[in-house]
Amino acid sequence: MTSKHVTATAHMGSIKNRFARRFLRSLLKVKRSDRLGTGTGFRSNDEEIRKRNARRIKTAAYRSMARVVGPRKIWSRALLFKLRNRARIQGAGLRKRCVVSKKKRVLRKENKVQVISREPSRADNLRKLVPGGDSMHICSLLDETAHYIKCLATQVKVMQSIADRFIL
């Protein structure tokens with residue numbers, strides 16, 4: 001039992017180190033692109049610049065986390081796919097809006113029509129939170145969720161240590 005705990009901790013430590021290196025490289029790319037002026041071509045106010053930088057940092061963090069995990073996990077593949085498509089859409093200048101509708105079931109009884117809306121289960125709510133979770137069975141969903149939470153916790157620790165060390 002101790003050896004499993006040690007190997008799991010060592011594995012998460014290696015993920016933490018690899019994520020930190022990859023995330024710092026991504027932050028350097030963001031900083032270089034700001035210096036080069038690869039913006040929108042017009043002067044923006046501070047609020048817009050702050051929002052754009054926050055979005056870039058968030059994207060860099062998610063991309064770094066998914067790339068460190070690699071294609072072994074469904075959530076990392078789904079997250080990388082989503083980020084690639086978002087970059088492709090933004091590169092083309094197009095924005096798509098997603099409309100989510102609740103599933104409804106129609107019950108017919110003796111010429112009466114009743115519309116019953118289906119409440120989402122806990123598993124359905126979990127599927128919305130985990131990237132790629134909409135196509136998973138409950139067992140694999142729970143496994144992927146546990147790994148995703150561990151990686152998010154690692155991401156928070158790394159970002160907090162970077163903020164503590166380099167800011168003020």
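As a basis for the values below, the full set of heavy atoms in this structure was taken, side chains included, without hydrogen atoms, waters or symmetry mates. Position 1 is the first residue of the sequence; numbering continues from there.
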- line: Applying side-chain contact (heavy atoms from CB on, under 4.5 Å) to Ser161 and not counting sequence neighbours gives none
message: Checking Ser121 now: which residues fulfil side-chain hydrogen bond (donor to acceptor under 3.5 Å, both in side chains) with it, not counting sequence neighbours?
response: Asp124
query: With Val156, which residues qualify under side-chain contact (heavy atoms from CB on, under 4.5 Å), at least two apart?
result: none
- request: Would you list the pairs meeting salt bridge (charged side-chain N to carboxylate O under 4.0 Å, His left out) in which at least one residue belongs to residues 129-140, sequence neighbours left out?
  value: none
Residues which pass side-chain hydrogen bond (donor to acceptor under 3.5 Å, both in side chains) with Asn53, listed by chain and number, not counting sequence neighbours: none
statement: Hits for ring-ring contact (aromatic ring centres under 6.0 Å, His included) against Tyr62, two or more places apart or cross-chain, chain-then-number order -> none
message: List the residues meeting side-chain hydrogen bond (donor to acceptor under 3.5 Å, both in side chains) with Gln160, not counting sequence neighbours, and say none if there are none.
response: Asp164
- prompt: With a 4.5 Å limit on heavy-atom distance, are the side chains of Leu126 and Leu142 in contact?
  reply: yes
- request: List in chain and number order the residues that pass side-chain contact (heavy atoms from CB on, under 4.5 Å) with Arg21, two or more places apart in sequence or in another chain; answer none if no residue qualifies.
  value: Asn17, Arg18, Arg25
message: So, using side-chain contact (heavy atoms from CB on, under 4.5 Å) as the criterion, who are the partners of Ala78 when residues are at least two apart?
response: Pro131
message: Is any side-chain heavy atom of Met159 closer than 4.5 Å to one of Ile57?
response: yes
- prompt: side-chain hydrogen bond (donor to acceptor under 3.5 Å, both in side chains) with Ser26: which residues, sequence neighbours excluded?
  reply: Ser64
